[in-house]
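Just so it is clear, the values below take in all heavy atoms, side chains as well, and ignore hydrogens, waters and symmetry mates.
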Amino acid sequence: QVQLVESGGGLVQVGGSLRLSCAASGRTWYNYFMGWFRQAPGKEREFVANIGWSGGSTDYADSVKDRVTISRDNAKSTVYLQMNSLNADDTAVYYCAAARRAWARRVHEYDYWGPGTQVTVSA
């Protein structure tokens, strides 16, 4: 079993930055691929980024590539999503998720989800 709780969301100005955190618990949480997804009002949940079991492999959606960085700190049992150059299209609820499958990019491939944290980008 893996339990996930996101934090770090909030209100930020256009062009600003945020770092989201995902606190994980469970003896084998570090054996999962970890992902970040986001969902804006009226839209389906979309993939943002994922990271491998040891943190050596990462993947990003084209829409956020070069603006976000995913990382994990197993000593702190935490996964991070650093977001820079934020714009209005980044406004969404951001979810942390864990997958047993490697390179998972789709919602149905993930086994555990956090409750989400709201990110709002305003002018």
Side-chain angles (χ1 to χ4, degrees):
Q1 297 290 328
V2 176
Q3 305 220 327
L4 309 170
V5 180
E6 304 92 339
S7 63
L11 180 64
V12 63
Q13 294 181 350
V14 171
S17 299
L18 280 177
R19 188 177 76 161
L20 306 182
S21 298
C22 174
S25 62
R27 284 186 173 183
T28 61
W29 78 272
Y30 45 82
N31 291 326
Y32 288 75
F33 251 70
M34 302 298 297
W36 284 97
F37 289 74
R38 66 185 183 184
Q39 186 168 22
K43 299 181 179 179
E44 64 183 49
R45 195 167 299 185
E46 66 173 343
F47 169 78
V48 176
N50 64 25
I51 187 167
W53 300 280
S54 64
S57 300
T58 59
D59 193 21
Y60 300 93
D62 290 339
S63 60
V64 300
K65 190 174 180 64
D66 299 325
R67 296 194 298 115
V68 307
T69 301
I70 187 171
S71 61
R72 66 192 297 169
D73 186 339
N74 290 344
K76 296 182 178 180
S77 300
T78 303
V79 180
Y80 303 97
L81 185 71
Q82 176 69 44
M83 302 188 293
N84 303 316
S85 301
L86 291 167
N87 57 65
D89 291 334
D90 296 315
T91 295
V93 176
Y94 284 72
Y95 297 91
C96 179
R100 294 290 291 176
R101 296 186 62 179
W103 305 108
R105 294 172 60 97
R106 298 180 178 180
V107 171
H108 74 269
E109 295 178 306
Y110 282 79
D111 303 295
Y112 302 99
W113 294 86
T117 185
Q118 176 72 47
V119 172
T120 302
V121 184
S122 64

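- Atom CZ of residue Arg106 and atom CG of residue Asn50 lie 13.0 Å apart, to the nearest 0.5 angstrom.
- Remark: Tyr60 engages no residue in a ring-ring contact (aromatic ring centres under 6.0 Å, His included) (not counting sequence neighbours).
- The stretch residues 79-104 participates, sequence neighbours left out, in these ring-ring contact (aromatic ring centres under 6.0 Å, His included) pairs: Phe33-Trp103.
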Got a list of side-chain donor-acceptor pairs under 3.5 Å for residues 17-26, not counting sequence neighbours?
unit_1 : atom_1 : unit_2 : atom_2 : d
Ser17  : OG     : Asn84  : OD1    : 2.9

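- Proximity of Met83 to Val119: side-chain heavy atoms (C-beta onward) are separated by under 4.5 Å at one or more points.
- Not a single donor-acceptor pair under 3.5 Å links the side chain of Gln82 to the backbone N or O of Thr69.
- With rounding to the nearest 0.5 Å, the separation of CZ in Arg45 from CH2 in Trp113 is 5.0 Å.
- If you take CE on Met34 and OH on Tyr112, they are separated by 11.5 Å, rounding to the nearest 0.5 Å.
- Rounding to the nearest 0.5 Å gives a distance of 12.0 Å between CZ of Phe37 and CG of Leu81.
- By the criterion of side-chain heavy atoms lying less than 4.5 angstrom apart, applied directly or through intervening Ile, Leu, Val, Met, Phe, Trp or Tyr residues, Val14 is grouped together with Val64 in one hydrophobic cluster.
- Val68 places none of its side-chain heavy atoms less than 4.5 Å from the side chain of Trp36.
- The CD atom of Gln118 lies 10.0 Å from the CG atom of Leu11; values are rounded to the nearest 0.5 Å.
- The minimum heavy-atom distance between Val2 and Leu4, with the atom names listed, is CG1-CD2, 3.6 Å.
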| After noting the C-alpha distance and the side-chain angles of Glu46 and Arg38, does the key distance pass the side chain to side chain contact (heavy atoms under 4.5 Å, CB included) rule? | CA-CA 5 Å; Glu46 66 173 343; Arg38 66 185 183 184; 2.8 Å; yes
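- There is a path of hydrophobic side-chain contacts, each under 4.5 Å, that joins Val121 to Val48.
- In terms of modelled atom types and a separation under 3.5 Å, the side chain of Thr58 and the main chain of Ile51 share no donor-acceptor contact.
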| task | Could you go through the side chain to side chain contact (heavy atoms under 4.5 Å, CB included) check for Asp90 and Arg67 one step at a time? | result | CA-CA 11 Å; Asp90 296 315; Arg67 296 194 298 115; 2.9 Å; yes
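- What you find for Ala97 and Tyr110 is that their closest heavy atoms are CB-CD2, 3.4 Å.
- Of all heavy-atom pairs spanning Glu109 and Ala104, the tightest one is OE1-CA, 3.5 Å.
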| request: Might you work through the side chain to side chain contact (heavy atoms under 4.5 Å, CB included) test for Gln13 and Leu86, ending with a clear yes or no? | output: CA-CA 8 Å; Gln13 294 181 350; Leu86 291 167; over 6 Å; no
